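In what follows, a single structure is set out as C-alpha coordinates and then discussed.
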Amino acid sequence: VQLQASGGGLVQAGDSLRLSCAASGRTFSMRTMGWFRQIPGKEREFVAAVDWSAGSTEYADSLKGRFGISRDNNKNTVYLQMNSLKPEDTAVYYCAADLWRSGSSPDSYNYWGQGTLVTVSS
(Lines give C-alpha, C1' and ligand atoms only; values in the text may rest on other atoms or scores of the structure.)
Protein backbone atom coordinates (compact mmCIF):
# COMPACT_ATOMS: atom_id res chain seq x y z
CA VAL A 1 0.00 0.00 0.00
CA GLN A 2 1.33 3.42 -0.97
CA LEU A 3 0.02 6.57 0.68
CA GLN A 4 0.23 10.13 -0.59
CA ALA A 5 -0.77 12.89 1.81
CA SER A 6 -1.59 16.41 0.76
CA GLY A 7 -3.38 19.55 1.89
CA GLY A 8 -1.03 20.99 4.46
CA GLY A 9 -0.10 24.64 4.56
CA LEU A 10 0.06 27.83 6.56
CA VAL A 11 -3.16 29.00 8.16
CA GLN A 12 -4.17 31.36 10.92
CA ALA A 13 -5.56 30.36 14.28
CA GLY A 14 -9.27 29.66 14.00
CA ASP A 15 -9.08 28.60 10.36
CA SER A 16 -10.00 25.22 8.95
CA LEU A 17 -7.98 22.89 6.77
CA ARG A 18 -8.65 19.55 5.14
CA LEU A 19 -5.93 17.01 4.59
CA SER A 20 -6.22 14.21 2.07
CA CYS A 21 -4.44 10.90 1.81
CA ALA A 22 -4.74 8.85 -1.35
CA ALA A 23 -3.99 5.15 -1.12
CA SER A 24 -2.88 2.91 -3.94
CA GLY A 25 -1.83 -0.69 -4.28
CA ARG A 26 -3.45 -3.31 -2.08
CA THR A 27 -6.21 -1.02 -0.92
CA PHE A 28 -8.88 -3.71 -1.06
CA SER A 29 -7.18 -5.40 1.90
CA MET A 30 -6.92 -2.36 4.15
CA ARG A 31 -8.34 -2.65 7.64
CA THR A 32 -7.68 0.81 8.99
CA MET A 33 -6.45 4.21 7.90
CA GLY A 34 -5.36 6.82 10.36
CA TRP A 35 -3.74 10.17 10.91
CA PHE A 36 -0.87 10.96 13.23
CA ARG A 37 1.08 14.12 13.82
CA GLN A 38 4.57 14.86 14.99
CA ILE A 39 6.37 17.90 16.30
CA PRO A 40 10.17 17.80 15.96
CA GLY A 41 11.69 16.27 19.05
CA LYS A 42 8.45 14.69 20.18
CA GLU A 43 6.85 11.32 19.67
CA ARG A 44 4.35 10.71 16.92
CA GLU A 45 0.86 11.42 18.27
CA PHE A 46 -2.37 9.71 17.31
CA VAL A 47 -5.00 11.97 15.78
CA ALA A 48 -7.78 9.81 14.34
CA ALA A 49 -8.49 6.53 12.58
CA VAL A 50 -11.26 5.03 10.50
CA ASP A 51 -12.18 1.43 9.83
CA TRP A 52 -11.97 1.12 6.07
CA SER A 53 -14.97 -1.19 5.70
CA ALA A 54 -17.29 -0.23 8.54
CA GLY A 55 -16.48 3.46 8.66
CA SER A 56 -16.30 3.54 12.43
CA THR A 57 -13.97 6.19 13.77
CA GLU A 58 -11.67 6.78 16.71
CA TYR A 59 -10.20 10.08 17.88
CA ALA A 60 -7.64 11.37 20.28
CA ASP A 61 -9.65 12.66 23.22
CA SER A 62 -8.06 16.09 23.03
CA LEU A 63 -9.13 16.54 19.39
CA LYS A 64 -12.71 15.31 19.52
CA GLY A 65 -15.12 17.94 18.30
CA ARG A 66 -12.54 19.87 16.29
CA PHE A 67 -11.15 17.21 13.96
CA GLY A 68 -13.12 14.81 11.77
CA ILE A 69 -11.91 11.81 9.79
CA SER A 70 -13.77 10.40 6.82
CA ARG A 71 -13.07 8.13 3.90
CA ASP A 72 -14.14 7.73 0.30
CA ASN A 73 -13.80 4.09 -0.59
CA ASN A 74 -14.37 4.75 -4.28
CA LYS A 75 -11.45 7.16 -4.38
CA ASN A 76 -9.32 5.19 -1.89
CA THR A 77 -8.87 8.41 0.01
CA VAL A 78 -9.09 9.36 3.65
CA TYR A 79 -9.64 12.93 4.80
CA LEU A 80 -8.91 14.83 7.95
CA GLN A 81 -11.04 17.91 8.47
CA MET A 82 -9.45 20.22 11.00
CA ASN A 83 -11.47 23.09 12.40
CA SER A 84 -10.76 25.90 14.85
CA LEU A 85 -7.06 25.32 14.39
CA LYS A 86 -4.69 26.39 17.15
CA PRO A 87 -0.97 27.14 17.06
CA GLU A 88 -0.39 23.94 19.04
CA ASP A 89 -1.81 21.98 16.11
CA THR A 90 1.31 22.90 14.16
CA ALA A 91 2.99 19.64 13.18
CA VAL A 92 3.78 17.31 10.34
CA TYR A 93 0.71 15.21 9.74
CA TYR A 94 1.13 11.63 8.55
CA CYS A 95 -1.44 9.26 7.19
CA ALA A 96 -1.05 5.58 7.91
CA ALA A 97 -2.69 2.31 7.01
CA ASP A 98 -2.65 -1.32 7.99
CA LEU A 99 -4.12 -4.46 6.52
CA TRP A 100 -4.86 -6.23 9.79
CA ARG A 101 -4.65 -4.00 12.82
CA SER A 102 -6.32 -0.91 14.15
CA GLY A 103 -5.87 1.41 17.06
CA SER A 104 -4.06 4.51 18.23
CA SER A 105 -0.51 3.22 18.42
CA PRO A 106 1.89 3.97 15.56
CA ASP A 107 3.07 0.38 15.95
CA SER A 108 -0.31 -0.78 14.64
CA TYR A 109 0.37 0.64 11.20
CA ASN A 110 2.70 -0.80 8.60
CA TYR A 111 2.24 1.75 5.86
CA TRP A 112 2.98 5.45 6.10
CA GLY A 113 2.69 8.46 3.85
CA GLN A 114 5.39 11.08 3.53
CA GLY A 115 3.79 13.66 5.81
CA THR A 116 2.36 17.08 5.15
CA LEU A 117 3.24 20.16 7.19
CA VAL A 118 0.51 22.16 8.87
CA THR A 119 1.54 25.48 10.37
CA VAL A 120 -0.94 27.50 12.40
CA SER A 121 0.04 31.07 13.12
CA SER A 122 -1.34 33.00 16.09
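Since we're looking at a predicted model, the values are computed, not measured. We count residues from 1, following the sequence as given.
For the pair Q81 and S16, the tightest heavy-atom approach, listed with the atom from each and the gap, is NE2-CB, 3.8 Å. Taking every heavy atom of both residues into account, Q38 and K42 meet most closely at NE2-O, 3.0 Å.
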Worked check of side chain to side chain contact (heavy atoms under 4.5 Å, CB included) between V78 and C21: CA-CA 5 Å; V78 65; C21 179; 3.5 Å; yes
Y94 and V47: CA distance, side-chain angles, deciding distance, side chain to side chain contact (heavy atoms under 4.5 Å, CB included) verdict: CA-CA 9 Å; Y94 296 90; V47 174; over 6 Å; no
Test side chain to side chain contact (heavy atoms under 4.5 Å, CB included) applied to L17 and M82, step by step: CA-CA 5 Å; L17 198 62; M82 305 184 292; 3.9 Å; yes
Test side chain to side chain contact (heavy atoms under 4.5 Å, CB included) applied to R37 and Y93, step by step: CA-CA 4 Å; R37 66 186 185 182; Y93 284 72; 2.9 Å; yes
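Side-chain atoms of L80 and R18, non-hydrogen and from C-beta on, never get closer than 4.5 Å to each other.
Note: S122 OG to E88 CD = 10.0 Å, rounded to the nearest 0.5 Å. Note: C95 SG to Y111 OH = 13.5 Å, rounded to the nearest 0.5 Å. For the atom pair CD of E58 and OG of S56, the computed distance is 9.0 Å after rounding to the nearest 0.5 Å. Atom-to-atom distance recorded for S104:OG and E45:CD is 10.5 Å, nearest 0.5 angstrom.
Note on F46 and W112: same hydrophobic cluster, where clusters join Ile, Leu, Val, Met, Phe, Trp and Tyr whose side-chain heavy atoms are under 4.5 Å apart, directly or indirectly. By the criterion of side-chain heavy atoms lying less than 4.5 angstrom apart, applied directly or through intervening Ile, Leu, Val, Met, Phe, Trp or Tyr residues, V50 is grouped together with Y59 in one hydrophobic cluster. One hydrophobic cluster, built from ILVMFWY side chains closer than 4.5 Å, cannot hold both V92 and V118; they sit in different ones. Note on L3: it clusters hydrophobically with L99, by side-chain heavy-atom contacts below 4.5 Å among ILVMFWY residues. Put simply, I39 and V11 are part of two different groups of oily side chains (I, L, V, M, F, W, Y) that touch within less than 4.5 Å, one to the next.
Listed for the T77 side chain is a donor-acceptor partner under 3.5 Å among the backbone atoms of K75. The main-chain N or O of A5 is found under 3.5 Å from a side-chain atom of Q114 such that the two form a donor-acceptor pair. Of the possible donor and acceptor atoms, none in the side chain of N110 sits under 3.5 Å from a partner among the backbone N and O of D98. At least one donor-acceptor pair closer than 3.5 Å links the side chain of T32 to the backbone N or O of R101.
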Atom pairs and distances, donor-acceptor, side-chain atoms in residues 62-71, under 3.5 Å, two or more places apart:
{"residue": "K64", "atom": "NZ", "partner": "D61", "partner atom": "OD1", "Å": "3.4"}
{"residue": "R66", "atom": "NH1", "partner": "N83", "partner atom": "O", "Å": "3.4"}
{"residue": "R66", "atom": "NH1", "partner": "S84", "partner atom": "O", "Å": "3.0"}
{"residue": "R66", "atom": "NH1", "partner": "D89", "partner atom": "OD2", "Å": "2.8"}
{"residue": "R66", "atom": "NH2", "partner": "D89", "partner atom": "OD1", "Å": "3.0"}
{"residue": "R66", "atom": "NH2", "partner": "D89", "partner atom": "OD2", "Å": "3.3"}
{"residue": "R71", "atom": "NE", "partner": "W52", "partner atom": "O", "Å": "3.2"}
{"residue": "R71", "atom": "NE", "partner": "N73", "partner atom": "OD1", "Å": "3.1"}
{"residue": "R71", "atom": "NH2", "partner": "W52", "partner atom": "O", "Å": "3.4"}
{"residue": "R71", "atom": "NH2", "partner": "S53", "partner atom": "O", "Å": "3.0"}

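Residues forming a ring-ring contact (aromatic ring centres under 6.0 Å, His included) with Y109 (at least two apart in sequence, or on another chain): F36.
Within the structure, no pair that satisfies the salt bridge (charged side-chain N to carboxylate O under 4.0 Å, His left out) test touches residues 113-122, not counting sequence neighbours.
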